[in-house]
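Data block below; observations after.
FYI, the numbering just counts along the sequence from 1.
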Amino acid sequence: REFKEVNFAISIDGVGAKNDYLRHGSRYDEVVDVANKYFKDMTPHDHIHIHIRCSPTILNVYDMDELYYEQNKHRWRDSRIFWLGSNGLE
């Protein structure tokens, strides 16, 4: 353990097809699988923090609540959703 604290971000711009459209080449189901794996693998390491990063645009700004509910549905531990320039939502 070299670092006191590590912050790791996963970029997700929407739920389902919206994310796939906004992040060309992305497949939302794969993103969720990878996110679930990271959260599971990092659970024993309390100095590692994983956050969801979202870039709000006119195409997703009215759907941010979906991402918040998705975060809770998957029980992504101690994660916050960060919007560009924000301090995060818990």
Return the CD to CG distance between Glu70 and Asp63, rounded to the nearest 0.5 Å. 12.5 Å

Indicate, with yes or no, if Leu22 and Val31 share a hydrophobic cluster defined by side-chain heavy-atom contacts under 4.5 Å among Ile, Leu, Val, Met, Phe, Trp and Tyr. no

When rounded to the nearest 0.5 angstrom, what distance separates OG in Ser11 from CD1 in Ile52? 9.0 Å

In terms of ring plane angle, is the pair His51 and His49 parallel, tilted or perpendicular, where the classes change at 30° and 60°? parallel

To the nearest 0.5 Å, what is the distance between CE (Met42) and CZ (Phe8)? 6.5 Å

Working to the nearest 0.5 angstrom, can you tell me the gap between Arg27 CZ and Asn19 CG? 12.0 Å

Just how far is it from atom CZ of Arg75 to atom NZ of Lys40, taken to the nearest 0.5 Å? 15.5 Å

In the structure I gave you, are the side-chain heavy atoms of Tyr68 and Lys73 within less than 4.5 Å of one another anywhere? no

So, for Asp20 and Ser26, which heavy atoms are closest and what is the spacing to 0.1 Å? OD1-O, 3.1 Å

Treat each ILVMFWY residue as a node, draw an edge where side-chain heavy atoms are under 4.5 Å apart, and state whether Ile58 and Met64 are in one component. no

Quick test of your reading of the model: are Lys18 and Asp13 salt-bridged, counting only N-O distances below 4.0 Å? no

Cluster link Tyr38 to Val32, ILVMFWY, side chain under 4.5 Å: yes

Hey, does Tyr69 have a side-chain heavy atom less than 4.5 Å from the side chain of Val15? no

Compare every heavy atom of Gly14 with every heavy atom of Leu67, then report the nearest pair and how far apart it is. CD1-O, 4.4 Å

Measuring only between side-chain heavy atoms, which start at C-beta, is Phe3 closer than 4.5 Å to Ile48? no

Separation between CD1 (Ile12) and CG (Asn60), nearest 0.5 Å, reads 12.0 Å

State plainly whether the residues Lys37 and Asp33 are in salt-bridge range, i.e. N to O under 4.0 Å. no

